[in-house]
Structures are given as structure tokens and as C-alpha cells.
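Values reported hereafter were calculated over all heavy atoms of this structure, with side chains retained and with hydrogens, waters and symmetry mates removed.
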Amino acid sequence: MTPEDKELVRGGILLQLKASYPSALREALILLNLRLISGMKQVGESDLLDQLRYLESKKMIARHERPLSAGAQEYTITQEGRAYLDEAGL
């Protein structure tokens, strides 16, 4: 992925999580939305995981384990993520 692609994917993730806040979204749903709604068909699972980890390292999103399946991850946007989107006018 190019730096521009990464930025678009990260923005798409943050916008999805902002729209669903305070509810969490699963990785699979985030990927599906990126591919279908945003038209980012080239985004693969490993690309998504890399960008989720990046956003988590920047404290823009938080990862949560699902109660009935510890391996299934869900994500929510944090105050830092909302502030970033607000500053960007998104």
C-alpha cells in the first residue's frame, strides 16, 4: 500500500467507528465496508490489521475482545480519534 492508500484506509476506519460510536465494530465489518462502500477493493485482511494496529498505537482507536470469543476483536474510536477527525473537518 502506498502512503496515500494507508491514509485513506485509516480515515475510512476512523469514519466508520465515529459513525457507529459508542458501539464497537468487528474487523470483518470494517473490511467489508471499506471494500463495498468506500470502493477500496484492494484492501486485504493483513492491510486492515496493519492499519488497525497503527491507529491503536496512536491511541485513536481501542481494541476489545468479544465476550464469547476471545479471538474475535472489535474496535471503537477514542477521544483522540474523534479529535483528529474534528480537526480535519470530517
Side-chain angles (χ1 to χ4, degrees):
M1 293 179 67
T2 67
E4 293 82 12
D5 290 339
K6 290 177 183 179
E7 188 174 1
L8 286 172
V9 170
R10 292 170 187 162
I13 292 168
L14 289 172
L15 287 170
Q16 286 184 59
L17 295 176
K18 180 181 178 183
S20 70
Y21 185 80
S23 298
L25 294 180
R26 293 181 180 183
E27 293 168 357
L29 183 57
I30 295 170
L31 182 58
L32 182 66
N33 285 335
L34 286 173
R35 288 178 175 168
L36 296 178
I37 297 171
S38 301
M40 299 179 192
K41 295 179 181 13
Q42 79 281 8
V43 178
E45 289 182 39
S46 64
D47 297 323
L48 175 68
L49 292 176
D50 289 345
Q51 300 318 307
L52 288 169
R53 299 299 173 260
Y54 175 84
L55 291 169
E56 187 178 15
S57 75
K58 297 295 183 184
K59 303 196 184 321
M60 292 185 175
I61 65 171
R63 180 171 27 139
H64 312 278
E65 291 183 353
R66 294 187 46 80
L68 298 179
S69 178
Q73 305 295 309
E74 294 181 325
Y75 296 86
T76 55
I77 193 167
T78 63
Q79 180 58 40
E80 289 87 348
R82 289 191 301 275
Y84 170 81
L85 291 176
D86 288 344
E87 288 173 17
L90 301 172

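- A donor-acceptor pair is defined here as one N or O able to donate and one able to accept, closer than 3.5 Å; such a pair exists between the side chain of Gln16 and the backbone of Ile30.
- Rounding to the nearest 0.5 angstrom, the gap separating the CG atom in Asp5 from the CZ atom in Arg10 is 10.5 Å.
- For Arg66, the side chain to side chain contact (heavy atoms under 4.5 Å, CB included) criterion is met by Arg26, Ala72, Glu74, not counting sequence neighbours.
- Rounded to the nearest 0.5 angstrom, Leu52 CG and Ser57 OG are separated by 11.0 Å.
- Two residues are said to be in side-chain contact when any heavy atoms from C-beta on lie closer than 4.5 Å; Val9 and Met40 meet this criterion.
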Intermediate values then yes/no, side-chain contact (heavy atoms from CB on, under 4.5 Å), Leu55 and Ile13: CA-CA 9 Å; Leu55 291 169; Ile13 292 168; 3.7 Å; yes

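- The shortest non-hydrogen separation linking Gln42 to Asp47 is O-OD2, 3.7 Å.
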Cut-off 3.5 Å, no hydrogens considered: what does the side-chain donor-acceptor table look like for residues 77-85, sequence neighbours left out?
from, atom 1, to, atom 2, distance (Å)
Thr78, OG1, Lys59, O, 2.5
Thr78, OG1, Met60, O, 3.0
Thr78, OG1, Glu80, N, 3.4
Thr78, OG1, Glu80, OE1, 3.3
Thr78, OG1, Gly81, N, 3.3
Gln79, OE1, Arg82, NH2, 2.9
Arg82, NH1, Ile77, O, 3.4

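- Residues meeting the side chain to side chain contact (heavy atoms under 4.5 Å, CB included) test with Ala19, sequence neighbours left out: none.
- The two atoms that bring Leu90 and Lys18 nearest to each other are O-NZ, 2.7 Å, heavy atoms only.
- Residue Leu17 comes nearest to Tyr75 through the heavy atom pair CD2-O, 3.3 Å, listed as atom of the first residue, atom of the second, then distance.
- Taking all atoms of both residues into account, the shortest heavy-atom contact from Leu48 to Glu27 is CD2-O, 3.4 Å.
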